[in-house]
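In each ligand, atom 1 is the first atom listed, and ligand 1 is the first ligand listed. The structure presented is a predicted model; accordingly, all values stated were derived computationally and were not measured.
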Amino acid sequence: MKIIMLGAPGAGKGTQAKKIAEKYGVPHISTGDIFRANIKNGTELGNKAKTYMDQGLLVPDELTVALVIDRIQGEDCKNGFVLDGFPRTIPQAEALDEALKGLGEAMDYAIDVDVPDENIINRMSGRRACLDCGATYHIVTIPTKVEGICDACGSKVVLREDDKPETVQKRLEVYHAQTQPLIDYYKGQNILKTVDGTQPMEAVFGAIVGILGA
Ligand code: AMP
């Protein structure tokens with residue numbers, strides 16, 4: 001089962017991707033998480049990616065595509081994977097299709113978690129992320145058990161630089177210009193499924209399970 005999660009930043013695709021990975025036993029591959037891990041470890045890739053991420057811009061395809069193409073060929077991806085935050089541009093999608101074709105495979109589903117921009121801005125200001133393990137929370141909808149402390153690892157949770165309102169506005173502009181065209185791209189391949197992302201998290205997941213099968 002090879003799945004792509006589409007949706008604006010803050011639509012909840014990461015949360016849903018993790019739940020899909022758990023239920024269907026496939027790895028969750030988040031390019032955002034990979035970049036953040038690299039930033040934390042001070043790698044060259046991390047340093048390069050950070051300059052784009054902090055401005056709400058996309059990391060260039062040259063730094064992103066090879067990383068994912070390599071990752072999906074890992075032993076743990078034999079039964080599929082769920083891609084979260086990739087592809088984000090048409091050239092990335094084409095490169096992914098090309099690589100899969102070379103392996104005699106193709107994507108099965110592109111799930112668009114649909115949320116209007118107005119809801120996104122509200123959501124993102126409440127989002128908190130653990131800088132240590134990457135877990136994400138929301139002060140209203142998914143609060144930490146202890147305020148300001150990550151449930152998973154006990155480190156501090158903070159408002160990420162790229163979740164600040166001015167950066168979110170930029171990320172939404174980038175989303176509409178560069179990522180939204182993927183909706184038509186996957187519609188054209190007959191693998192696009194849309195779920196209403198304004199529903200509560202469990203209802204969104206229920207809709208996804210309805211698509212993927214129980
Ligand atoms: P995310 O956690 O998926 O929202 O990603 C955070 C940031 O990482 C994005 O705003 C981009 O700057 C960068 N990023 C993540 N995935 C990609 C991608 N597929 N292409 C380019 N930049 C990406």
With a 6.0 Å cut-off (strictly less than), is the heavy-atom count around OH of Y52, excluding the residue itself, greater than 12?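 Result for OH/Y52: open.
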Lys/Arg-Asp/Glu bridge criterion (N-O < 4.0 Å) met for K13, D114: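 Looking at K13 and D114, the cut-off is not met.
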Between ligand 1 and the protein, which N/O pairs fall short of 3.5 Å?
| residue | atom | partner | partner atom | Å |
| --- | --- | --- | --- | --- |
| ligand 1 | 2 (O) | R36 | NH1 | 3.0 |
| ligand 1 | 2 (O) | R36 | NH2 | 2.9 |
| ligand 1 | 3 (O) | R88 | NH1 | 3.1 |
| ligand 1 | 3 (O) | R88 | NH2 | 3.2 |
| ligand 1 | 4 (O) | R88 | NH2 | 3.1 |
| ligand 1 | 4 (O) | R171 | NH2 | 2.7 |
| ligand 1 | 12 (O) | L57 | O | 2.6 |
| ligand 1 | 16 (N) | T31 | OG1 | 2.7 |
| ligand 1 | 16 (N) | G85 | O | 3.2 |
| ligand 1 | 16 (N) | R88 | NH1 | 2.8 |
| ligand 1 | 19 (N) | G85 | O | 2.8 |
| ligand 1 | 19 (N) | Q92 | OE1 | 3.1 |
| ligand 1 | 20 (N) | Q92 | NE2 | 2.9 |
| ligand 1 | 22 (N) | V59 | N | 2.9 |

So, taking the atom named NZ in K40 and the one named CG in L131, what distance separates them when rounded to the nearest 0.5 Å?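 Answer for the NZ-CG pair, K40 versus L131, is 9.0 Å.
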Just checking, K19 and F205: is the charged tip under 6.0 Å from the six-membered ring centre and within 45° of the axis?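 Satisfied, under 6.0 Å and within 45°.
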Qualifying residue, where the test is salt bridge (charged side-chain N to carboxylate O under 4.0 Å, His left out) with D163 and the options are K170, R171, R128: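 Single pass found, and it is R171.
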Got a donor-acceptor contact below 3.5 angstrom from the T51 side chain to the K48 backbone?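 Confirmed, T51 side chain pairs with K48 backbone.
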